[in-house]
Participant: 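Structure in structure tokens, see below.
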Amino acid sequence: MALPSIDEMTYHPTAEKLVEILCDRTQNTQPLFFRVLVGYYFAVVASHMRCSILTPDRGKIPINMYALNLATSGFGKGHSTNILEEEVVDQFRIRFIDETFPLLAEINLPKLAVSRATRKGTDPDEETVRVQREYDSSGEILFSFSEATSPAIKQLRHKLLMADAGALSLEIDEIGLNLQGSTEAMTTYL
């Protein structure tokens, strides 16, 4: 089945409703910035849940989004971002960090310990203690971050891999001012 042309496509109704709300609340009639913003937050939520897309040419690929969303001063960038973070994504973020992520880690860490014990020929109980200690020492889970060193990104990635949940979401506000200070993080990502 062929994809329709771009002219024939419509926006997702829920996403477009959020765009309309953001346009209304910021008193801005230009929806493009808000479409990218809503798409980004939808992608963040989906990536934390480790969703994937089945493509006809590349098979199954993880949800991922790189976005550079620019607008002039007074456009409503900060206000609209706060609305999405505090009124749309907030409850997901809280429940994911406090409930879902620890539960998924609790399920995955014993599997990881058994896998390591089998591969190394060690005692599974001892490996479970080592895996738990490694997981506990890898810092706090972050839903998103605005700056980080390469070691910090790698440490968080390791924790996410151990739990088999979550995603690395780098969000840089005022990119023009903060680009040079973010080169280490972006280099690590690339």
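Worth knowing before you read on, the calculation uses all heavy atoms, side chains too, and leaves out hydrogens, waters and symmetry mates.
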Participant: For atom CZ of Arg95, decide whether the heavy atoms of other residues, nucleotides or ligands shown that lie under 6.0 angstrom number more than 12.
Facilitator: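 Counting neighbours around CZ of Arg95, 12 or fewer heavy atoms of other residues, nucleotides or ligands fall under 6.0 Å, so no.
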
Participant: Parallel, tilted or perpendicular: which describes the rings of Phe42 and His12, with under 30° parallel and over 60° perpendicular?
Facilitator: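 Taking His12 first and then Phe42, their aromatic rings stand perpendicular (interplane angle over 60°).
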
Participant: Closest heavy-atom contact between Gln155 and Gly139?
Facilitator: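 Heavy atoms only, the tightest pair is NE2-N, 3.5 Å.
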
Participant: May I ask you to decide if the ring planes of His48 and Phe143 are parallel, tilted or perpendicular, using 30° and 60° as cut-offs?
Facilitator: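 Parallel, since the angle between the ring planes stays under 30°.
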
Participant: Starting at CZ of Phe34, measure out to NZ of Lys77 and round the result to the nearest 0.5 Å.
Facilitator: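 Those atoms lie 10.0 Å apart.
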
Participant: Return yes when atom CD of Glu99 has more than 12 non-hydrogen atoms of other residues, nucleotides or ligands closer than 6.0 Å, and no otherwise.
Facilitator: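 More than 12 heavy atoms, drawn from other residues, nucleotides or ligands, come within 6.0 Å of this atom.
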
Participant: Got Ile53 and Ile63 here, is their nearest side-chain heavy-atom distance under 4.5 Å?
Facilitator: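 Yes - at least one pair of side-chain heavy atoms lies under 4.5 Å apart.
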
Participant: Salt bridge check: are Arg133 and Asp136 linked by an N-O gap of less than 4.0 Å?
Facilitator: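 Salt bridge: no.
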
Participant: Distance from Thr128 atom OG1 to Gln132 atom CD, nearest 0.5 Å?
Facilitator: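 Between Thr128 OG1 and Gln132 CD, I get 9.0 Å after rounding to 0.5 Å.
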
Participant: Looking at CZ of Arg119 and CD of Glu127, how far apart are the two atoms once the value is rounded to the nearest 0.5 Å?
Facilitator: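 Result: 8.0 Å between the selected atoms.
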
Participant: How long is the span from the CD1 atom in Ile83 to the CG atom in Asp90, to the nearest 0.5 Å?
Facilitator: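 Going from CD1 on Ile83 over to CG on Asp90, the span is 13.5 Å.
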
Participant: Report the relative orientation of the aromatic rings in Phe75 and Phe33; use parallel for angles under 30°, tilted for 30 to 60°, perpendicular for over 60°.
Facilitator: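 It falls in the perpendicular class, over 60°.
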
Participant: At their closest point, which heavy atom of Gly76 faces which heavy atom of Thr26, and how far apart are they?
Facilitator: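 Closest heavy-atom pair between Gly76 and Thr26: O-CG2, 4.0 Å.
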
Participant: Starting at CG of Leu104, measure out to CZ of Phe96 and round the result to the nearest 0.5 Å.
Facilitator: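 One finds 6.5 Å between CG of Leu104 and CZ of Phe96.
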
Participant: Mind running side-chain contact (heavy atoms from CB on, under 4.5 Å) on Val19 and Cys23 for me, showing each step along the way?
Facilitator: CA-CA 6 Å; Val19 168; Cys23 284; 4.3 Å; yes

Participant: Can you name the closest pair of heavy atoms from Pro102 and Asp98 and give their distance?
Facilitator: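 Scanning both residues, the minimum pair turns out to be CG-O, 3.5 Å.
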
Participant: Is it true that Glu134 and Arg116 have a side-chain N and a carboxylate O under 4.0 angstrom from each other?
Facilitator: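 Salt bridge: yes.
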
Participant: Not counting sequence neighbours, which residues clear salt bridge (Lys or Arg N to Asp or Glu O under 4.0 Å) with Glu87? List them please.
Facilitator: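 Here the qualifying residues are Arg25.
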
Participant: Under 3.5 Å, is there a donor-acceptor pair between the side chain of Ser115 and the main chain of Lys111?
Facilitator: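 Flag not set: sc Ser115 to bb Lys111 has no pair under 3.5 Å.
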
Participant: Please walk me through it: do Thr122 and Arg130 pass side-chain contact (heavy atoms from CB on, under 4.5 Å)?
Facilitator: CA-CA 11 Å; Thr122 56; Arg130 281 193 281 272; 3.9 Å; yes

Participant: Search all heavy atoms of Val131 against all heavy atoms of Met162 and return the closest pair with its distance.
Facilitator: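 Looking at all heavy atoms of both residues, the shortest contact is O-CE, 3.4 Å.
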
Participant: What verdict does the side-chain contact (heavy atoms from CB on, under 4.5 Å) test give for Leu156 and Ile141, after you've listed the backbone C-alpha separation in whole Å, the side-chain angles of each residue and the deciding distance to 0.1 Å?
Facilitator: CA-CA 7 Å; Leu156 178 57; Ile141 178 71; 4.0 Å; yes

Participant: Using a 3.5 Å distance criterion without hydrogens, assess whether the side chain of Ser182 forms a donor-acceptor pair with backbone atoms of Ala185.
Facilitator: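 Not at all, since once roles are kept as given, no pair shorter than 3.5 Å links the two residues.
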
Participant: How close do Leu170 and Met186 get, heavy atom to heavy atom, and via which atoms?
Facilitator: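 Heavy-atom minimum between the residues: CD2-CG, 4.2 Å.
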
Participant: Please walk me through it: do Tyr40 and Val44 pass side-chain contact (heavy atoms from CB on, under 4.5 Å)?
Facilitator: CA-CA 6 Å; Tyr40 170 75; Val44 166; 3.3 Å; yes

